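One structure is given below, encoded as structure tokens.
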Amino acid sequence: MLTTRPRGTSDILPGEVEKWQYLEQVIHRLCREYGYSEIRTPIFEHTELFERGVGETTDIVQKEMYTFLDRGGRSITLRPEGTAAVVRAYLENKLYAGPQPVKLYYTGPMFRYDRPQAGRYRQFNQFGVEVLGSHDPALDAEVIAMAMDFYGRLGLKNLNLLINSVGCPRCRPVLREKLQDFFRARVDRLCSHCRGRLERNPLRILDCKEERCREAGKDAPTSLDYLCPDCEAHFQAVLKQLEKLGVAFTVDRSLVRGLDYYTNTAFEITVQGIGAQNSIGGGGRYNGLVKECGGPDIPGIGFALGLERVLLTMEQQGIVIPRPPKLDVFLATADEAARDRALVLVQRLRQEGLAVDMDYLGRSLKSQMKYAGKLGVGLVVILGSDELERGVVTLRDMSAGSQREIPLDRLAGEVRQHGLKHVSGEGKYGS
RNA sequence: GUGGAUGUAGCUCAGUUGGUUAGAGCACCAGGUUGUGGCCCUGGGGGUCGUGGGUUCGAGUCCCAUCUUCCACCCCA
């Protein structure tokens, strides 16, 4: 298949790619303001990193990883998420030896072998942050508020922030046992999936979408009933901080995240209207992950947001993304002599910092004007031998439909001035 | 991994009970006389009818397989 892309991937073409550039711009600014530094880790890692880090029993590891042997016989996996790699890089580069905490962010493609559907692709992009080295509940609140701030800056509305605490290695076994006792007594009311979960990961039963399981789990003990005093205090502190920040949330005692490394705070942001996959981001604390990866006992917290789903939501909510005009000016030529000089003039303008283009198809002047019109260029320079001899050019304002002659050496200045007047630009991404 | 729907020009679609050179609108390119756009008019280029088999004298139209996309399940972003 020479002319078809692999399933679940996409080409981001001109017209669409500007939206991504916009998102990235918002991300970089946001992260700078919150004191986060960008980190870029490899697209692929040793398979064991994800097996250990994400968790052997998770769906991601069991059925969704792009894993292959490289030519040296090493098992390699295209990253299915960002946290494990960031933790690896933190350890490998001994970032724990520097000032703490370490606040990092990343954007980039992730890979999961899933059946594609609305808002779900095999290669998709995430924006995520990770903070390593602090237990402070203020940081939990900051990370959550930062995610909400990101959505807010994009203009997204009607988001639901769900939050829960899944406890720590001290209190989780208690809950696990209580849950197993509870559900063993009503195994017959569970779906086949949940019967399996009963032994492996009873917490997940609370998260099941099956009506019968929800019904069966209605009065089940939840993490909040069994949190140890420390975890309970931490959770309450996070909620208090969120309230102080004015971040609205809903405590959802059934919220359980899909990755094994979460401890304490777990949260998820959902939105309606983009299909069955309504989660546009989530995260939580992972106090045991660094140690699990072979490092010191250092706590961490972070989030990851799906950028495709963010764009889907923006589209669904009718949000238009500002788009800078493509070209400042187009150079049209009227005859052979002018055409001969065109590239030199265009290049000179470019070196003065202007976005300029010209015709490369030997078009008639009329045809060049049509072309410039279709590009939506605000200004067109018309150059003919007549103008060349007198050292002037004709500068046409396309939206006004007026034109005038100006000396060639004032061209760049004139174009720049026109650009300032039309700084906002009419270009918007329609939905 | 499971189930359902879909696939004709770049895009949106038409295509009669299977029958001769597969159409439209939009888009693209070029013209509509002397150096000029957005409207209009004329002309032009462009289709392995998703792909591979099969039935038939003959298939875009029927059958099978396969792939893609979409929707849902599982799960997640």
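Quick caveat, the model's predicted, so the values are computed rather than measured. Letters go in sequence order (proteins before strands), and every chain restarts at 1.
Ion pairing of A:Asp335 with A:Arg339 is absent here, as no side-chain N (NZ or NE/NH1/NH2) approaches a carboxylate O to less than 4.0 Å. We find that A:Lys19 and A:Glu24 are not joined by a salt bridge, their nearest charged nitrogen and carboxylate oxygen being 4.0 Å or further apart.
For A:Phe182, the CZ atom sits in a packed shell: over 12 heavy atoms of surrounding residues, nucleotides or ligands are nearer than 6.0 Å. Heavy-atom neighbours of A:Arg350 CZ from other residues, nucleotides or ligands within 6.0 Å: above the threshold of 12.
Here B:G3 presents its P atom at 17 Å from CG of A:Asp114, a figure rounded to the nearest Å. Distance A:Phe267 CZ to B:A77 P: 11 Å, rounded to the nearest Å. For A:Arg112 and B:C76, the CZ to P distance is 9 Å, given to the nearest whole Å. What separates CG of A:Leu162 from C1' of B:C76 is a distance of 15 Å, to the nearest Å. In this structure, A:Glu308 places its CD atom 13 Å from C1' of B:C76, rounding to the nearest Å. At whole-Å resolution of the value, CG in A:Leu365 and P in B:G37 are 8 Å apart. In this structure, A:Phe330 atom CZ and B:G38 atom C1' are separated by 15 Å, rounded to whole Å. Note: CG (A:Leu395) to P (B:G37) measures 17 Å, nearest angstrom.
Spacing between B:G58 and B:U20 at atom P, rounded to whole Å, works out to 15 Å. With C1' as the reference atom, B:C63 and B:G18 are 13 Å apart, rounded to whole Å. Annotation: B:C28 and B:G45 have their C1' atoms spaced 9 Å apart (nearest Å). A distance of about 34 Å separates the P atoms of B:G10 and B:C73, rounded to the whole Å. When the C1' atom is compared between B:U48 and B:A22, the two are found 14 Å apart, to the nearest whole Å. B:G3 and B:C49 have their P atoms separated by 29 Å, given to the nearest Å. When the C1' atom is compared between B:G60 and B:A9, the two are found 14 Å apart, to the nearest whole Å. Using atom C1' as the reference point in both B:C40 and B:U69, the two lie 39 Å apart (nearest Å).
Of the candidates B:U36, B:C74, B:C73, B:C74 carries the atom nearest the A:Arg120 side chain, counting heavy atoms from C-beta on. Nearest nucleotide to the side chain of A:Tyr121, out of B:C70, B:G35, B:A72: B:C70. The side chain of A:Gln126 has B:A77 as its nearest neighbour among B:A77, B:C74, B:U36.
Between the side chains of A:His234 and A:Asp140, at least one donor N or O lies within less than 3.5 Å of an accepting N or O. A donor and an acceptor atom, one from each side chain of A:Gln272 and A:Asn158, are nowhere located under 3.5 Å apart. Using modelled atom types, one finds no donor on one side chain facing an acceptor on the other under 3.5 Å when comparing A:Tyr286 with A:Asn264.
Residue A:Ile280 is in sugar-phosphate contact alone, with no base atom involved, counting any heavy-atom pair closer than 4.0 Å across all strands shown. Contact annotation for A:Ala118: backbone-only contact, meaning every heavy-atom pair under 4.0 Å involves sugar-phosphate atoms and none involves a base. Residue A:Asp386 is in base contact, counting any heavy-atom pair closer than 4.0 Å across all strands shown. Among the protein residues, A:Glu387 comes within range of the nucleic acid bases, having at least one heavy atom under 4.0 Å from a base atom. When heavy atoms are screened at a 4.0 angstrom cut-off, A:Gly128 is found touching no nucleic acid atom at all.
If you check distances only, the side chain of A:Gln62 never reaches the base of B:G1 with a donor-acceptor pair under 3.5 Å. Judged by distance alone, with hydrogens and angles left aside, A:Arg115 brings no side-chain donor or acceptor close enough to the base of B:C76 to form a pair under 3.5 Å. On a pure distance criterion of 3.5 Å, no polar donor-acceptor pair joins the side chain of A:Gln368 and the base of B:U36. Residue side chain A:Arg7 does not reach the base of B:U69 through any donor-acceptor N/O pair under 3.5 Å, judged by distance alone.
Taking the centre and axis of the six-membered ring of A:Phe124, the NZ or CZ atom of A:Arg122 falls outside the cone set by 45° and 6.0 Å. Cation-pi geometry between A:Arg363 and A:Tyr371 is met: under 6.0 angstrom from the ring centre, within 45 degrees of the axis. Remark: A:Arg40 fails to qualify as a cation-pi partner of A:Tyr106 under the 6.0 Å distance and 45° angle criteria applied to the six-membered ring.
Distances shorter than 4.0 Å separate some side-chain N or O of A:Gln117 from OP1 or OP2 on B:A72. Distances shown here put a side-chain N or O of A:Ser367 below 4.0 Å from the OP1 or OP2 atom of B:A30. Remark: A:Arg396 is not in phosphate contact with B:G37, judged by side-chain N or O atoms under 4.0 Å from OP1 or OP2. Proximity of A:Lys374 to the phosphate of B:C28: a side-chain N or O atom is located under 4.0 Å from OP1 or OP2.
An aromatic stack links A:Phe124 and the base of B:A77, using centre distance under 5.5 Å and interplanar angle under 30°.
Both A:Tyr113 and A:Ser385 lie close to RNA chain B; mapped to their nearest nucleotides by heavy-atom distance, the more 5′-ward contact belongs to A:Tyr113. Taking for each of A:Arg363 and A:Asp397 the nucleotide of RNA chain B with the nearest heavy atom, the 5'-most of the two is the partner of A:Arg363.
Every stem involving RNA chain B, taken as at least 3 paired positions in a row under the Watson-Crick or G-U wobble test at 3.5 Å, is listed here: B:1-5 with B:69-73, B:10-13 with B:23-26, B:28-32 with B:40-44, B:50-54 with B:62-66.
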